[in-house]
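Working notes, structure below.
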Amino acid sequence: VARPGDADAAVAEMAQAGAAEIKVHNALSPNVLSAVIDAARTRGLDVVGHISAGPGPLSACRIGMKEISHASALLESVPWRADAPPADLVAALEELNSLQSDPLYACMAANGMAFAPNLSMYEPIIADLDESQAGMTRRLVNVLGQISLRAKNAGVLIIAASDASGDDGRVQFATGLHDELRLLVEAGSTPTEALMAATHNAAVQLRREGDIGAIQVGAQADLVLLCADPLADISNTRAIGLVIANGRRTTAMVDCPARR
């Protein structure tokens, strides 16, 4: 979509194809982003994704964008901001983790703008780096985790997502979400909060409360039975005993180790 006038047709095509949300990239101009949001709103769809160069995340929140996908996208958008941008990414990190960004998080909480940190997207990158570079990247992830915690504490809806693609060198579907839950807990969220980010919060963001993300009458029967308590140790989400998808077993029942 290159012009505001192109937005309605593009969103209409995506809506007709069954899109649950409209995801945007950071190359959209502010005017085009606003037009996409307007076109999506008329069809009952939310706009999520990256922040365009120019408006900055606070402006995107104010015009009705409903999710920032990736902590990296949030970080990159701050130096691109037209109004008093920080000098570099280091300064942007400091700003996002300070009182200076509290108006952003307050707007996100008030307007229902969610945040999917995708901290796990750095895991395969770290695995391919030498020790020095890996240490620097881990420190970056730690700060991004602190930013996600600051947003959560301000009332922002946090979504656990891994940005998995299954491609070589990228986050894998089988492990990415487990890594994301661990990283959210390491950043300061409780195991309960991390699990809610992957279940209840995701359902809220998709406007599917009562359908997914909960164990209740009338909800879709998608269940993962664990052999150990994830509230005691979030890594126990990997101790999978049985998977039920849409009411059907998709794996054989595992003999869980006996309790002691």
Side-chain angles (χ1 to χ4, degrees), residues 1 4 6-28 32-52 57 60-74 77 107-121 148 151-152 156-167 170-174 176-177 180-181 184 194-216 218-224 243-248 250:
V1 179
D6 300 332
D8 192 73
V11 171
E13 181 180 354
M14 294 297 98
Q16 187 172 6
E21 298 175 317
I22 304 298
K23 186 172 183 180
V24 295
H25 54 74
N26 57 23
L28 296 184
V32 170
L33 175 61
S34 181
V36 169
I37 290 172
D38 288 342
R41 186 181 290 123
T42 63
R43 294 170 174 83
L45 296 174
D46 291 330
V47 173
V48 307
H50 299 240
I51 307 294
S52 302
C61 176
R62 287 171 173 165
I63 64 174
M65 193 169 171
K66 287 299 183 179
E67 181 191 315
I68 299 175
S69 303
H70 322 305
S72 59
L74 173 60
S77 73
C107 177
M108 293 174 70
N111 291 0
M113 186 183 197
F115 180 35
N118 295 144
L119 302 174
S120 55
M121 66 187 293
S148 70
K152 178 191 73 68
V156 176
L157 190 73
I158 301 298
I159 308 297
S162 65
D163 200 36
S165 70
D167 296 337
R170 298 287 302 276
V171 177
Q172 299 300 301
F173 290 108
L177 187 58
E180 187 72 13
L181 296 176
L184 288 174
L195 291 171
M196 287 186 67
T199 53
H200 173 266
N201 294 5
V204 170
Q205 175 62 9
L206 291 170
R207 305 186 192 181
R208 293 185 63 184
E209 291 176 90
D211 178 27
I212 60 173
I215 301 174
Q216 63 186 53
Q220 190 167 302
D222 295 333
L223 302 168
V224 178
V243 176
I244 299 174
N246 200 23
R248 297 177 179 273
T250 62

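Bear in mind the structure is a predicted one, so any value in this text is a computation, not a measurement. FYI, the numbering just counts along the sequence from 1.
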message: Working note: L223 + I215, criterion side-chain contact (heavy atoms from CB on, under 4.5 Å); need CA distance, chi angles, decisive distance, verdict.
response: CA-CA 8 Å; L223 302 168; I215 301 174; 3.7 Å; yes

query: Do R43 and V11 pass the side-chain contact (heavy atoms from CB on, under 4.5 Å) test, and can you show the C-alpha distance, the side-chain angles, and the key distance before you say yes or no?
result: CA-CA 9 Å; R43 294 170 174 83; V11 171; 4.0 Å; yes

- request: Report the C-alpha distance between M108 and I68 in whole Å, list the side-chain angles of each, state the deciding distance to 0.1 Å, and finish with yes or no for side-chain contact (heavy atoms from CB on, under 4.5 Å).
  value: CA-CA 10 Å; M108 293 174 70; I68 299 175; 4.0 Å; yes

- request: Start with the C-alpha distance between L74 and I51, add both sets of side-chain angles, then the distance that settles side-chain contact (heavy atoms from CB on, under 4.5 Å), and finish with yes or no.
  value: CA-CA 7 Å; L74 173 60; I51 307 294; 5.5 Å; no

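With a 4.5 Å cut-off on side-chain heavy atoms, D222 and N246 count as touching. With a 4.5 Å cut-off on side-chain heavy atoms, L28 and S52 count as touching. Looking at H50 and V24, their side chains never come closer than 4.5 Å, going by heavy atoms from C-beta outward.
In this structure, L181 and A160 approach most closely via the heavy-atom pair CD2-CB, 4.1 Å. Among all heavy-atom pairs drawn from R207 and G44, the shortest one is NH1-O, 3.1 Å. When all heavy atoms are compared, the tightest approach of A71 to L119 is CB-CD2, 4.5 Å. When all heavy atoms are compared, the tightest approach of G176 to S162 is C-CB, 3.5 Å. The two atoms that bring R62 and N111 nearest to each other are CA-ND2, 4.2 Å, heavy atoms only. Taking both residues in full, the closest heavy atoms of I158 and N201 are given as O-ND2, 2.9 Å, listed atom of the first, atom of the second, then distance.
N118 contributes a side-chain N or O that, together with a main-chain N or O of A161, makes up a donor-acceptor pair within less than 3.5 Å. Of the possible polar contacts, none joining the D211 side chain to the A219 backbone as a donor-acceptor pair under 3.5 Å is found. Within the 3.5 Å criterion, the main-chain N or O of D163 finds no donor-acceptor partner in the side chain of E180. Not one N or O on the side chain of H70 forms a donor-acceptor pair closer than 3.5 Å with the backbone of S72.
Listed by chain and number, the residues in a side chain to side chain contact (heavy atoms under 4.5 Å, CB included) with R41 are I37, D38 (sequence neighbours excluded). Looking at residues two or more places apart in sequence or on another chain, you find a side chain to side chain donor-acceptor pair (under 3.5 Å) between S69 and E67.
Atom CD of Q16 has 12 or fewer heavy atoms from other residues, nucleotides or ligands within 6.0 Å.
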